[in-house]
Amino acid sequence: QVELVESGGGLVQAGGSLRLSCAAPVSPFSFNDMGWYRQAPGKQRELVARITRGGTTNYADSVKGRFTISKDNANHTVYLHMSSLKPEDTAVYYCNVQNPYRGTYWGQGTQVTVSS
């Protein structure tokens, strides 16, 4: 079975930065469409950022200009660099991988808490 391993969450003050990492051993890695979702207490899960196999990125309006999604093919890892964090960004963040040959996978979630 394949498990996605997330790391990088934590507590940060408003205006600070964090980088989330997700080790995604889903092969062939170059075929993966990957993204980050988040779910705040009492709210629905939402797409934060996505990067396709071809490198096209997509961001939620609320994080444009502040968050950047990237990937490292050699290490089979996807990242979410978050800057200028706001209390509204507080949520559990989930890594998602879609592979046309293997299916869809989810990480266990990592907590991001932004204090004022």
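Throughout, numbering of the chain's residues begins at 1 and tracks the sequence.
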Could you tell me whether the side chain of Met82 reaches within less than 4.5 Å of the side chain of Val12, counting heavy atoms only?
no
Determine which pairs satisfy disulfide (SG to SG under 2.5 Å) with at least one residue from residues 16-109, sequence neighbours left out, and list them in order.
Cys22-Cys95
Step-by-step salt bridge (charged side-chain N to carboxylate O under 4.0 Å, His left out) determination, Lys64 to Asp61
CA-CA 5 Å; Lys64 287 181 179 178; Asp61 289 340; 3.0 Å; yes
Do Tyr79 and Ile51 share a hydrophobic cluster, counting only Ile, Leu, Val, Met, Phe, Trp and Tyr and linking them when any side-chain heavy atoms are less than 4.5 Å apart?
no
For the hydrophobic clusters of this structure (ILVMFWY residues joined by side-chain heavy atoms under 4.5 Å, transitively), does one cluster hold both Leu47 and Trp106?
yes
Report yes if the side chains of Arg50 and Asp33 come closer than 4.5 Å at any heavy-atom pair, otherwise no.
yes
Close side-chain approach of Leu80 to Val78, heavy-atom, < 4.5 Å
no
If hydrophobic clusters are built from ILVMFWY residues whose side chains come within less than 4.5 Å, do Val97 and Tyr37 share one?
no
I need the full list of salt bridge (charged side-chain N to carboxylate O under 4.0 Å, His left out) pairs touching residues 99-109, with sequence neighbours left out, sorted by first then second residue.
none
Answer yes or no: is there a side-chain heavy-atom contact under 4.5 Å between Gln111 and Thr90?
yes
Sub-4.5 Å side-chain heavy-atom contact between Val63 and Arg38
yes
What distance do Lys86 atom NZ and Ser116 atom OG have between them, rounded to the nearest 0.5 Å?
14.0 Å
So Leu20 and Tyr94, do their side chains get closer than 4.5 Å, heavy atoms only?
no
Backbone N/O of Gly109 and side chain of Glu6: donor-acceptor pair under 3.5 Å
yes
Kindly compute the distance separating CZ (Arg53) from NZ (Lys71), expressed to the nearest 0.5 Å.
9.0 Å
